[in-house]
Amino acid sequence: MVRVRFAPSPTGHLHIGGARTALFNWLFARHEGGVFVLRIEDTDRTRSTEEYIESIMEGMKWLNLDWDEGPFRQTDRFDVYKSCVDKFLAEGKAYHCYCTPEELEERRQKALAEGRPPRYDGRCRLLKEPVPGRTPSVRFKMPQTGQTVVNDLIRGPVSFDNSQLDDFIIARSDGTPTYNFVVVVDDVEMKITHVIRGDDHLNNTPKQIHIYTSLGYETPKFAHLPMIMGHDKTRLSKRHGATSVMAYKEMGYLPDALINYLARLGWSCGDQEIFTREELKARFSMEHIGKSAAVFNPEKLLWLNGEYIRKTSPEELTDLVMPFLIAKGLVKDPETPEGSAWLTNNKQWLRKAVASLTERSKTLVQIAGAMEFYLLDTVEVDPQAREKFLNSETLNYLADVRGGLSGLQEFTHDALEKVFQEIVAKHDTKLAKVAQPVRVAVTGGTVSPGIFDVLEIIGRERTLKRLEKAMKLAGYEL
RNA sequence: GUCCCCAUCGUCUAGUCCGGCCUAGGACAUCGCCCUUUCAAGGCGGUAACAUGGGUUCGAAUCCCAUUGGGGACGCCA
């Protein structure tokens, strides 16, 4: 039975890189019919917060990455680690180190300045007596000769000279255990079979392998995923724009689109670009994960999001856009009585309006923004559009359209089109000449869905009002 | 500085393991054309890559070595 885990440290929100690691673990578990465990690595008490734990889980829930076990928290398990440390100490596999952080830092700087590797020199290994007045940390005794080989599923065998590895701290002087130690204790106890994590952990792996050995356990299989980088090929960070997963929610991205994008970042399946979740689960395999780092490309994500928006039904899309409409104050919150009443009366109409915009929108935010001329009573006309399309030359068209529409029986797409065609014929001109001024009049700008759809959705009353206002702007006097 | 990893269009990648099917395929972006009621969407087409140098071989994007470039690690962070 395959068992994998996602083990974030709650020192920040769930970011793009973390989400990709979580996704690959989740996909592998789902593909193999295994178990996906969530474990919170919060041994660093000074930097871990409850808020970030909540935030990370919120991000995973939004992405629909459900876990089967956990969340386990390492701070709940300190007694387990403590007994392992004591055991190592008793067996001579670890020792007390009385060097202070300040001393270590000083030596590190000195070594770096002199061009030497900044490794711990093992000086406390031979200490027989405690150093008075100091509380020691605990270091693990690494072998000093030989080689350690990591058999990575993605990279193949990677070997390290043990002489390169130093005795690392497994318990701080305050008694709390550190990452390289607890990660192994937990993976053993949680029976993790495959450790899938970022590339940045590859160098830690030989250290961890020796902990497994000292604990008397087999190592799990390792798979180190290539990193995600920004456009300048440096590690992805805030400088590259939004990195937190929830920021993408706020920008109007669909979780499935982000998932699809992230899946293709480092993994491929022939020429296929778009995958449903089921396809992803069915086709995911470790063999098709690439080895080289990938640049995060927001433009391709935006394209994918547009694809997903167009695949979403108007009903669902309307529900998804609602929060953005409420936030913009275009729609009253349906939690309130009046908002609720409005929505029940206008749901179909709202869906039609949303549907008209899906083809030309790539985010929910774009849809919500474009909804303004449907939902507001009046529109503000863009000055440039006004100058170009609301003037003495177009006044006749506007007047004819107003005249034609005021007597129209059915205010529908087809009926509207007929009126426009008559006016076009009468003036022996092109539809664009008539449509564009009307578009400016009713939407305030030069860009919108098809004009007949727009008019039908806006309705006769508001259309006529806006046309009249536009005629005044064009110089019409009563 | 030391160690580790990586290297195909601007970007994500197919092809690499099992050399010939590759005059290197797809996607995003970009450019042009078509469609057209504006903007999109859609259709068609274009520009654009095997980092460099050595080998091995009848033959190398594919195998080997070196160089260069990029990334990562070297914490009482994870």
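Protein chains get the first letters and strands the later ones, always in sequence-line order, with residue 1 at the start of each.
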message: Without decimals, in angstroms, what is the distance between Glu299(A) CD and C9(B) P?
response: 18 Å
Nucleotide forming a Watson-Crick or wobble pair with A61(B), both distances under 3.5 Å: none
- line: Picking from A73(B), C39(B), U13(B), the nucleotide nearest the side-chain atoms of Ser268(A) would be U13(B)
field: Side-chain N or O of Lys233(A) closer than 4.0 Å to phosphate OP1/OP2 of U11(B)
entry: yes
message: Strictly below 4.0 Å: does Arg108(A) bring a side-chain N or O up to OP1 or OP2 of G75(B)?
response: yes
task: Return the nearest nucleotide to the side chain of Asp200(A); candidates are G72(B), C6(B), A29(B).
output: G72(B)
message: Quick check on G72(B): is either OP1 or OP2 less than 4.0 Å from any side-chain nitrogen or oxygen of Arg155(A)?
response: no
- prompt: So, is Arg20(A) close to the C12(B) phosphate, meaning a side-chain N or O under 4.0 Å from OP1 or OP2?
  reply: no
field: Given A78(B), C74(B), A41(B), the nucleotide with the shortest approach to the side chain of His201(A)
entry: A78(B)
message: Rounding to an integer number of angstrom, what distance separates C17(B) and G26(B) when you compare their C1' atoms?
response: 22 Å
task: Mark yes when over 12 heavy atoms from residues, nucleotides or ligands other than Glu387(A) sit less than 6.0 Å from its CD; otherwise mark no.
output: no
Pairwise P distance, G72(B) and A29(B) [rounded to whole Å]: 28 Å
statement: Of C6(B), C5(B), A27(B), the nucleotide closest to the side chain of Lys291(A) is C6(B)
statement: Smallest heavy-atom separation, Ser448(A) atom then Thr443(A) atom, equals CB-CG2, 3.9 Å
- prompt: Would you say the base of G26(B) and the side-chain of Glu273(A) have a donor-acceptor pair closer than 3.5 Å?
  reply: yes
task: Report the distance from atom CG of Leu202(A) to atom P of A73(B), rounded to the nearest whole Å.
output: 11 Å
query: Taking the side chain of Asn203(A) as heavy atoms from C-beta outward, which of G72(B), A78(B), U38(B) is closest to it?
result: G72(B)
- prompt: What nucleotide, of C77(B), C28(B), G26(B), holds the atom closest to the side chain of Trp303(A)?
  reply: C28(B)
task: Determine the Euclidean distance between corresponding P atoms of C63(B) and C21(B); express it in Å to zero decimal places.
output: 15 Å
message: Here's one to test your reading of the geometry: is the NZ or CZ of Arg277(A) within 45 degrees of the ring axis of Trp26(A) and under 6.0 Å from its centre?
response: yes
5' precedence on RNA chain B between Met227(A) and Lys207(A) (nearest-nucleotide basis): Met227(A)
- prompt: So which nucleotide from C28(B), C76(B), A73(B) ends up closest to the side chain of Asn297(A)?
  reply: C28(B)
query: Within 45 degrees of the axis of the six-membered ring of Phe78(A) and under 6.0 Å from its centre: does Lys82(A) put its NZ or CZ there?
result: no
- request: Give none if G1(B) has no partner; otherwise give the nucleotide forming a Watson-Crick or G-U wobble pair with it, both distances under 3.5 Å.
  value: C74(B)
- prompt: Is any side-chain N or O of Arg172(A) closer than 4.0 Å to OP1 or OP2 of A78(B)?
  reply: yes
query: Between Tyr120(A) and Arg139(A), is there a cation-pi geometry (under 6.0 Å to ring centre, at most 45° from the normal)?
result: yes
- line: Nearest heavy-atom contact between Met371(A) and Ala353(A) is CE-CB, 3.8 Å
query: So which one's nearest nucleotide on RNA chain B is more toward 5', Pro136(A) or Cys269(A)?
result: Cys269(A)
query: Under 4.0 Å between a side-chain N/O of Ser448(A) and OP1 or OP2 of C39(B), yes or no?
result: no
- request: Mind calculating the distance between NZ (Lys388(A)) and P (C39(B)) to the nearest angstrom?
  value: 9 Å
- prompt: If only side-chain N and O atoms of Thr43(A) are considered, is one of them under 4.0 Å from the OP1 or OP2 phosphate oxygen of A78(B)?
  reply: yes
field: Identity of whatever pairs with U47(B) - Watson-Crick or G-U, under 3.5 angstrom
entry: none
